[in-house]
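What follows is a set of notes on a single structure, which appears directly below.
Fair warning: this is a prediction, and the values are worked out from it, not measured in the lab.
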Amino acid sequence: MSWRDIQCGALRPEHVGQRLTVAGWVDTRRDHGGLVFVDLRDHTGKVQLVLKESEGGHELRNEFVVQAVGEVAARAPDAVNPNLATGEVEIQVESLQILSRSTPLPFQIGDDTVEETTRLRYRWLDMRGERMQRNLRMSHAAVAGIRRTMDDLGFVDIWTPAMTRGTPEGARDFLVPVRLQPGRFFALAQSPQLFKQLCMIGGFDRYYQIATCFRDEDLRADRQFEFRQLDLEMAFVEREEVLDVMEAAVVGAFEAVGKSAPARPFPRISYDEAMSKYGSDKPDLRFGMEIEDATAATRGSEFGVFANAPCVRYIVVPKTFSRAEHERLVALTKEWGAKGLALLSQVAKFLSEQELEAFGVPDGSSALCVADEEEVAAHVLGLLRLHLARELDLIPDIDVFHWVFDFPLFEKDDEYGGWTFMHHAFTAPVKGSEVWDPSNPGDVRGQHYDLVWNGWELGSGSIRIHDVDVQERVFKTMGMTDDEAKSKFGFLLDALAMGAPPHGGFAMGIERFVALLAGEPDIRQIVAFPKVSSGTDPLTGAPTPMPDGVLAESGIRALPQEDPAKA
RNA sequence: CCCGGAGUAGCUCAACUGGAAGAGCAACGAACUGUCCAUUCGAAGGAUGCCGGUUCGAAUCCGGCCUCCGGGGCCA
């Protein structure tokens, strides 16, 4: 005997007259004394059970798991429920069995006003609701669509280690102590980057993986400690071929979830344009409000703040600001690193007619100006642009995908004063600039590309270095000695020296992608069991302290921590 | 680490300038044979996140802390 003959949401008039077994959760019950109605729910939907006095319906409570046997009956015309797919039928229960009881619930299933911490603490209940069912199923469908696309395109799914060698550069690693090697640690992989390159050198030509990655950095709406990425790598390719595959994967995912896909090819902008117009390398292109430059026009201004600044930039906002509103924005921009934020109308008295004309602010609008280093002005105005667009509700409900190209290969390292890579150390420089002055590499561009959807960075990729000399030059530019390079990345240098094909690839964050696909504001709605911002799991209570003996076995000892209960 | 917001019954929220902590839903008891998030009646439910201070009197004001959310820093 099976637990059920049919799922709850599948019952239709065609089943009338059949004696069927159904099973599911008690969604609601309406107890009329001699007659009890129960909406029985599973993930496919609900069906109404009708129980007579003798069937034990009074004992049922919300979220009990029950099995019912009965005849499917047509409802009387005036008893049809048009809000239910199964609303034309009901089950006249002959026997009912309670398979599992439930204590009173901390919240009602499907209540979308419940605080997220409570939902996460009782995620198994949250998952019974329509929202998580939809999101996790959509996530599955999107990944299935991606896998299908990759398979069709001849990519080979190769598993790479989660436990690997730590890298001091870039994001912090999660460390794994090793009992057999006391005092030594694996790092959880931040991405399969080097392994997939080795797969190319190993002759696999097209690799992909839905890879789990780990980064020990503060959590955000779009960041968890662990996340998955569509990770792919191709040998003997140019940039365009990689982009083409990625667009195919994105479209494949859209089609798999039944949404109309964005038009290909996706538009492109350069890093320089993104930074100057939008102050961000992942600009939200759903709206304008572009950053403009008034440096030339104010170079000889009598207004010293403008005249003496290395750069004067501004955005024009379709609103006038009160003094209080302006002051609030000033406080915000100072927080972001600006010295101030000038409202053009307030400093207009110091400016000439010509200067004011150069700004060209229409009536009813305001120009908000930052006079500072170019980098600061771009950064601050970029953040302000986003902030005001959200606040003033200027972002249309559309989807914009685009690529960003021509990133610098290196950037200044504020912490150590030297140079470091902008994305990772394995991105190839653009053709023709394979040689540079390691002490001043700021002008070298990399064959790097980012994919952006509505201002979220979905992922990035590059054509990699396949020439061992170029790779050594990159390490050197980062201030690594030959010995250091050899000890950290000797295996890569060896591999590159033994017949490395030209290759390149990409990595796209699955949770970010699905969150946008599902219209969710953060990736916790896409992750079955996410962590909260403090880096803890409210469901299991992890992480937990470990007994000293366990730590000792792994060759480590915990530093004493202040006990918050005593403080 | 920094900035901002929030924390009142199991859940979601009220409580004006400091003046007796309240509602809906859930849970509990009861009535009811056609409801559909049934209805009606009844009873119950609270150290107002924690610690301290001001006050005749604090959910409300002040100080410190905790937790969650958003963001900055950080994050190929």
Side-chain angles (χ1 to χ4, degrees), chain A residues 27-39 41 46-53 57-58 61-63 73 75-76 78-84 86-87 90 92 102-122 125 167 169-173 190-191 193-194 213 215-225 227 229 281 328 331-337 379-380 383 386-387 390 407 409-411 414-415 420-427 446 448 450 457 459-462 507 509 521-522 524 531-534 536 538 562 564-567:
Chain A
D27 190 72
T28 51
R29 89 210 115 86
R30 296 173 289 278
D31 188 341
H32 289 239
L35 191 65
V36 179
F37 299 97
V38 168
D39 287 345
R41 185 197 69 236
K46 302 177 203 172
V47 65
Q48 176 164 280
L49 308 182
V50 184
L51 297 110
K52 298 248 166 58
E53 183 87 61
H58 303 299
R61 294 293 181 272
N62 284 346
E63 299 307 311
R75 297 200 197 185
D78 60 340
V80 165
N81 183 350
N83 301 319
L84 227 50
T86 62
E90 61 193 10
Q92 303 287 347
S102 171
T103 56
L105 302 180
F107 57 87
Q108 266 49 69
I109 305 298
D111 180 352
D112 55 9
T113 66
V114 178
E115 192 108 15
E116 197 183 359
T117 319
T118 310
R119 289 173 48 207
L120 293 180
R121 169 72 184 81
Y122 302 98
L125 296 177
T167 54
E169 297 86 9
R172 260 186 296 274
D173 286 320
Q190 296 187 24
S191 93
Q193 181 62 36
L194 291 173
C213 306
R215 292 177 194 172
D216 184 7
E217 297 293 346
D218 289 2
L219 287 71
R220 285 285 189 283
D222 62 352
R223 272 160 36 191
Q224 286 272 308
F225 283 156
F227 58 95
Q229 59 187 32
D281 62 357
R328 209 195 68 244
L332 267 180
T333 50
K334 281 186 174 166
E335 167 105 6
W336 295 331
H379 174 68
V380 169
L383 292 174
L386 277 178
H387 175 85
R390 287 182 191 134
F407 287 78
L409 194 54
F410 297 99
E411 63 182 353
D414 294 335
E415 220 174 311
T420 186
F421 49 81
M422 192 156 200
H423 290 94
H424 59 55
F426 318 106
T427 299
H448 178 95
D450 270 6
E457 184 190 322
S460 59
S462 61
D522 61 75
R524 292 184 304 276
K531 276 123 193 110
V532 296
S533 68
S534 57
T536 61
E562 277 180 50
K566 284 181 192 161

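Pair check for C28(B) finds G42(B); Watson-Crick or G-U wobble, both atom distances under 3.5 Å. A23(B) and U12(B) make up a base pair, with Watson-Crick or G-U wobble contacts both under 3.5 Å. Within the shown strands, C66(B) is the pairing partner of G7(B) under the Watson-Crick or G-U definition, both distances less than 3.5 Å. When both distances must be under 3.5 Å, the Watson-Crick or G-U wobble mate of U55(B) does not exist. Pairing partner, G18(B): none, since no Watson-Crick or wobble contact has both distances short of 3.5 Å. Using Watson-Crick or G-U wobble geometry with both donor-acceptor distances under 3.5 Å, C36(B) finds no partner in any strand shown.
Using a 4.0 Å heavy-atom distance criterion, Arg121(A) is classed as making no nucleic acid contact. Across all strands shown, Asp218(A) has heavy atoms under 4.0 Å from base atoms, whether or not it also approaches the sugar-phosphate. Heavy atoms of Arg61(A) sit under 4.0 angstrom from primed sugar atoms or phosphate atoms, though from no base atom. Contact annotation for Thr167(A): no contact, since no heavy-atom pair falls under 4.0 Å across all strands. Within the 4.0 angstrom heavy-atom criterion, no nucleotide atom of any strand lies near Glu411(A). Contacts of His58(A) with the nucleic acid, taken as non-hydrogen atoms under 4.0 Å apart, are absent. Residue Ala221(A) is classed as a sugar-phosphate contact, given heavy-atom separations below 4.0 Å to backbone atoms only.
Note on Arg524(A): a side-chain N or O is less than 4.0 Å away from OP1 or OP2 of G70(B). One finds no side-chain N or O of Ser534(A) lying less than 4.0 angstrom from the OP1 or OP2 phosphate oxygen of C69(B). Phosphate contact (OP1/OP2 of A38(B), side-chain N/O of Thr28(A), threshold under 4.0 Å): present. Side-chain nitrogen and oxygen atoms of Arg29(A) include at least one within less than 4.0 Å of the OP1 or OP2 phosphate oxygen of A27(B). Phosphate contact (OP1/OP2 of C69(B), side-chain N/O of Ser533(A), threshold under 4.0 Å): present. Look at His379(A) and you'll find a side-chain N or O under 4.0 angstrom from OP1 or OP2 of G73(B). Distances shorter than 4.0 Å separate some side-chain N or O of Arg30(A) from OP1 or OP2 on A38(B). Contact check, Arg220(A) against C74(B): no side-chain N or O comes under 4.0 Å of OP1 or OP2. Checking the phosphate oxygens (OP1, OP2) of A27(B), a side-chain nitrogen or oxygen of Asn62(A) falls inside 4.0 Å.
The residue among Gln193(A) and Thr117(A) whose nearest nucleotide of RNA chain B lies closer to the 5′ end is Thr117(A). In terms of position along RNA chain B, the nucleotide closest to Val532(A) lies nearer the 5' end than the nucleotide closest to the other residue of the pair Val532(A) and Arg172(A).
Counting atom types as modelled, Asp78(A) pairs no side-chain N or O with a base atom of G34(B) as donor and acceptor under 3.5 Å. Within 3.5 Å, no donor on the side chain of Glu115(A) pairs with an acceptor on the base of U12(B), nor the reverse. Arg390(A) contributes no side-chain N or O that forms a donor-acceptor pair with the base of G70(B) under 3.5 Å. Not a single donor-acceptor contact under 3.5 angstrom links the side-chain atoms of Asp39(A) to the base of C37(B). Not a single donor-acceptor contact under 3.5 angstrom links the side-chain atoms of Arg215(A) to the base of C75(B). Side-chain atoms of Glu90(A) come within donor-acceptor range of the base of G34(B), with a qualifying N/O pair under 3.5 Å.
Taken to the nearest 0.5 Å, the CG atom of Leu35(A) stands 7.5 Å off from the NZ atom of Lys52(A). Rounded to the nearest 0.5 angstrom, Thr86(A) OG1 and Arg75(A) CZ are separated by 6.5 Å. With rounding to the nearest 0.5 angstrom, the CG atom of Leu105(A) is 11.0 Å from the CG atom of Asp111(A). Note that NE2 of His448(A) and CG of Leu409(A) are 10.5 Å apart. Values are rounded to the nearest 0.5 Å.
In this structure, Gln92(A) places its CD atom 10 Å from C1' of G34(B), rounding to the nearest Å. In this structure, Asn81(A) places its CG atom 11 Å from C1' of C37(B), rounding to the nearest Å. Asp112(A) places its CG atom 11 Å from the P atom of C13(B), with the value rounded to the nearest Å. Leu35(A) places its CG atom 7 Å from the P atom of G34(B), with the value rounded to the nearest Å. In this structure, Asp111(A) atom CG and G10(B) atom P are separated by 16 Å, rounded to whole Å. A straight line from CD of Glu335(A) to P of C2(B) spans 11 Å, rounded to a whole angstrom. Residue Asp281(A) contributes atom CG, which lies 13 Å from atom P of C75(B) at whole-angstrom precision. In this structure, Lys531(A) places its NZ atom 14 Å from P of C68(B), rounding to the nearest Å.
On the C1' atoms, C50(B) is 12 Å away from G7(B), given to the nearest whole Å. Rounded to whole Å, the P atom of G64(B) lies 45 Å from the corresponding atom of C28(B). Rounded to whole Å, the P atom of A59(B) lies 16 Å from the corresponding atom of U54(B). G52(B) and A58(B) have their P atoms separated by 14 Å, with the value rounded to a whole Å.
If you check C36(B), C68(B), G10(B) against the side chain of Gln48(A), the one that comes closest is C36(B). Of the candidate nucleotides C36(B), G70(B), C11(B), G70(B) has the atom nearest to the side chain of Asp522(A). Listed nucleotides C69(B), G72(B), G10(B) differ in distance to Gln108(A); the shortest reach to its side chain belongs to G10(B).
In summary, Arg524(A) and Asp522(A) engage in a salt bridge, as defined by a charged side-chain N under 4.0 Å from a carboxylate O. A salt bridge does not link Arg223(A) to Asp218(A): none of the charged nitrogens lies less than 4.0 Å from a carboxylate oxygen.
Proximity of Glu90(A) to Leu49(A): side-chain heavy atoms (C-beta onward) are nowhere separated by under 4.5 Å. Using a 4.5 Å heavy-atom threshold, the side chains of Phe407(A) and Thr427(A) count as separate. Side-chain atoms of Ile109(A) and Leu125(A), non-hydrogen and from C-beta on, do get closer than 4.5 Å to each other.
Under the stacking criterion of a centre-to-centre distance below 5.5 angstrom and an interplanar angle below 30°, Phe37(A) sits stacked against the six-membered ring of U35(B). Stacking is not found between His32(A) and the pyrimidine-like six-membered ring of the G34(B) base under the 5.5 Å centre-distance and 30° plane-angle cut-offs.
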- [ ] Check step by step if side-chain contact (heavy atoms from CB on, under 4.5 Å) holds for Glu63(A) and Arg41(A).
- [x] CA-CA 9 Å; Glu63(A) 299 307 311; Arg41(A) 185 197 69 236; 2.8 Å; yes
